[in-house]
Each structure stands twice: as C-alpha cells, then as structure tokens.
Amino acid sequence: MPVKQLKVELLASTPDALALIYAAFRQCYHAGFVADMWPKLLSGKIDRKKQADFVSKVLESGHDSPIEHASFTFAVEGISRACSHQIVRHRIASYSQQSQRYVDGSDMDFILPPAIARIPEAKARFEAFMDEVGQAYRDLKGILETHGRKEKSIEDARFVLPQAAETKIVITMNCRALLHFFHLRCCRRAQWEIRALAEAMLAICKAELPAIFATAGAKCESLGFCPESPRFSCGRAKVRSKDVQEFIENEINPKEI
Ligand SMILES: Cc1cc2nc3c(=O)[nH]c(=O)nc-3n(C[C@H](O)[C@H](O)[C@H](O)COP(=O)(O)OP(=O)(O)OC[C@H]3O[C@@H](n4cnc5c(N)ncnc54)[C@H](O)[C@@H]3O)c2cc1C
C-alpha cells in the first residue's frame with residue numbers, strides 16, 4: 001500500500017464560457033434576443049475585455065445566477081476517503097467516484113497526512129497499520145471467496161479499509177458552486193487536504209476564466225473581512241464589528257454549554 005500524492009486535471013469546461021456568461025447576463029437587461037448578438041460575441045466584435053468588465057461589475061452587485069451556465073469538470077486522484085467524504089457534502093455538483101465494491105483494494109494506495117509524515121515514530125506506526133489493514137483485507141477477501149462469496153468478496157472486505165484509503169473522483173461544478181466551494185475550502189480553517197484540492201482547482205479556474213475567478217478564494221478575500229469569531233479567525237483579515245463578534249462569542253460559540 002504505497003503513499004499517493006494529490007493530482008488534479010481539468011477534463012472539460014464549458015466552451016466560450018465568458019461569452020456565454022456575458023450573454024446570459026445581457027439577456028436579463030436587454031430588450032432584444034440575446035441569440036442575435038451571439039455571433040458577435042464569438043467573433044470578438046464585442047471584445048473580451050468589455051465582456052469581462054460587464055460580468056465583473058454585475059457580479060459585484062450580487063446578481064450571480066448567470067454564472068451557473070458555465071461549468072468545469074476535474075479528474076482528481078490522490079485524495080483520501082476522508083477528503084472525498086467532505087467534498088461530496090457539496091450538493092450543487094456532480095460526482096463519479098471510484099467504487100470500492102467493484103475495484104479490488106488488495107493493493108490500495110493511501111494518503112499520509114504531512115503532520116504524521118514529519119514525525120518518524122508516528123509515520124512508522126501509521127505505515128504499520130496500513131500494512132495490517134491491507135493484510136486483513138486480503139485475508140478476508142480470500143476467506144469470503146472460499147465460502148462462496150466470489151466476486152462479491154471485495155464488497156464486504158472493504159469494510160476494513162481506512163479513511164486514509166486513496167480514491168479517485170470526477171467532479172463537475174458550475175462557476176457559482178465553485179466560488180462557494182472556494183469560499184469555504186480555501187479558508188485557512190478548512191482541513192489541509194480539501195484545502196490543497198481547492199487551491200489546485202482554483203489555480204486551474206483562474207487560468208481558464210479569470211473574469212470570474214481572478215479574485216476568488218477564501219471568503220475573507222471577497223468580503224474584505226473574516227466572518228469567523230476572533231477565536232476562530234486565522235488573523236489574515238480583520239474580523240467583524242465588535243457587537244457581531246460578541247454575539248458570536250457568547251451565543252454561537254459559547255465556551256461552556
Ligand atoms: C470548516 C468547515 C467545517 C465543517 N464541519 C462540519 C461538521 O463538523 N459536521 C458536518 O456535518 N459538516 C461540516 N462541514 C460541512 C458543511 O456543513 C457543509 O455541508 C459543506 O461545507 C457543504 O456546504 P454547502 O451546504 O454550503 O454546499 P452545497 O451543498 O454545495 O450547497 C451550496 C448552497 O446551496 C444552498 N443549498 C443547498 N442545499 C440546500 C438545502 N437543502 N436547503 C437550502 N439551501 C440549500 C445553500 O445556500 C448552500 O450554501 C464543515 C465545513 C467547513 C467548511
């Protein structure tokens with residue numbers, strides 16, 4: 001069971017995404033039929049900078065549903081099941097994840113948390129446990145097979161696999177869902193593994209569609225302040241006004257319940 005590293009690849013994205021988003025916004029405020037301006041958008045007669053400026057300004061006003069028309073599809077490998085469980089909590093997205101029912105986990109890779117990797121004693125214990133788990137999986141698979149469970153044996157043997165088990169997943173999110181995902185998961189308070197994934201996805205989005213993603217990231221970057229209480233804030237951005245802070249401190253995050 002070797003260690004696996006995070007890899008994020010862009011499989012596909014909506015063609016002419018900026019023009020499409022611009023067209024969707026324009027249809028909201030334009031008396032004519034936006035399909036009539038579509039050829040001009042594609043040919044560049046309405047230049048890209050004008051499209052980008054218009055989109056950025058309307059987005060700032062909080063009108064963000066037109067950006068749902070464009071989406072990105074990523075292939076991700078080298079994440080743990082612990083991480084993928086957090087990802088799939090984001091419901092405004094589509095997922096296709098490698099199945100532990102159908103893919104044999106006898107030689108499954110695993111994710112080694114950096115904090116464990118830095119301490120030789122912790123790393124040795126972690127790796128020994130991964131070996132034990134791998135052996136238990138193979139033993140159970142063999143026992144189940146000899147008792148007639150056949151190809152279904154891995155469906156039950158997988159119950160011993162750890163949260164560290166490596167998984168692969170295809171993720172599609174539209175731009176609005178992505179901005180929300182980055183708000184939450186690029187935050188320094190987000191767990192390290194999903195944060196690394198979010199940062200890798202953000203770098204791709206920024207390169208592909210800067211008009212939407214140039215200023216994307218943790219929520220403090222677009223809000224200009226940190227919505228967390230002082231106790232939870234990382235300190236990168238200033239927290240909210242004192243009365244809101246006090247309310248959060250006393251009512252939402254009481255020290256004693
Ligand atoms: C730092 C951090 C710690 C966390 N800790 C925990 C934890 O301890 N336990 C836990 O269970 N989860 C935890 N989560 C997960 C969190 O509660 C969310 O499930 C996850 O971040 C997905 O966010 P979302 O629901 O906003 O996203 P999505 O599901 O993608 O939804 C996007 C947006 O659509 C809207 N929406 C979607 N579905 C509905 C609905 N049914 N009704 C109304 N509006 C909807 C909401 O506006 C939502 O923000 C944590 C997340 C973070 C970032």
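Every number for a ligand or one of its atoms is a count from 1 in the order of the listing. Note: hydrogens, waters and symmetry copies are ignored here, and every other heavy atom, side chains too, is used.
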> Would you say ligand 1 has an N or O under 3.5 Å from any N or O of Leu184?
Replying inline: no
> Side-chain donor-acceptor pair under 3.5 Å between Thr167 and Gln97, yes or no?
Replying inline: yes
> In terms of heavy-atom contacts, does CD of Gln163 have more than 12 from other residues, nucleotides or ligands at under 6.0 Å?
Replying inline: no
> Judged by modelled atom types alone, do Glu221 and Thr215 share a side-chain donor-acceptor pair under 3.5 Å?
Replying inline: no
> Is Arg185 near ligand 1, meaning one of its heavy atoms is under 4.0 Å from it?
Replying inline: yes
> Step by step, would you call Glu77 with Lys168 a salt bridge (charged side-chain N to carboxylate O under 4.0 Å, His left out)?
Replying inline: CA-CA 4 Å; Glu77 75 164 8; Lys168 301 180 203 316; 3.1 Å; yes
> When the ring planes of Phe72 and Phe74 are compared, do they come out parallel, tilted or perpendicular, using 30° and 60° as the limits?
Replying inline: parallel
> Is the closest protein non-hydrogen atom to atom 26 (O) of ligand 1 under 4.0 Å?
Replying inline: yes
> Does some non-hydrogen atom of the protein lie less than 4.0 angstrom from atom 42 (N) of ligand 1?
Replying inline: no
>> Among all the protein's non-hydrogen atoms, which is closest to atom 34 (O) of ligand 1, and how far away is it?
In response: Ile92 CG1, 3.9 Å
> So between Arg195, His90, Arg176, whose heavy atom ends up nearest atom 22 (C) of ligand 1?
Replying inline: His90
>> Checking a contact table here: which protein heavy atom is nearest atom 45 (C) of ligand 1, and how many Å away?
In response: Arg91 NH2, 4.3 Å
> So which heavy atom in the protein is nearest atom 19 (O) of ligand 1, and how far is it from that ligand atom?
Replying inline: Arg89 NH2, 3.3 Å
> Would you say atom 6 (C) of ligand 1 touches the protein, meaning some protein heavy atom is under 4.0 Å from it?
Replying inline: no
>> Please determine whether the number of non-hydrogen atoms from other residues, nucleotides or ligands lying under 6.0 Å from atom NE2 of His85 exceeds 12.
In response: no
>> If you apply the rule side chain to side chain donor-acceptor pair (under 3.5 Å), what do you find for Ser94 with Thr172, and how did you get there?
In response: CA-CA 5 Å; Ser94 304; Thr172 300; 5.5 Å; no
>> Does only the side chain of His180 get under 4.0 Å from ligand 1, or the backbone, or both, or neither? Count heavy atoms.
In response: side chain
> Is there a protein heavy atom at a distance of less than 4.0 Å from atom 32 (C) of ligand 1?
Replying inline: yes
>> Protein heavy atoms near atom 9 (N) of ligand 1, is at least one of them under 4.0 angstrom away?
In response: no
> At what distance is the nearest protein heavy atom to atom 1 (C) of ligand 1, and which residue and atom is it?
Replying inline: Arg189 O, 4.2 Å
>> With the threshold set strictly below 4.0 angstrom, can you tell me whether any protein non-hydrogen atom sits that near atom 51 (C) of ligand 1?
In response: yes
> For His63 and Tyr29, does a side-chain donor sit closer than 3.5 Å to a side-chain acceptor?
Replying inline: yes
>> Under a plain distance cut-off of 3.5 Å, with no hydrogens placed, do Asp139 and Gln135 share a side-chain donor-acceptor pair?
In response: yes
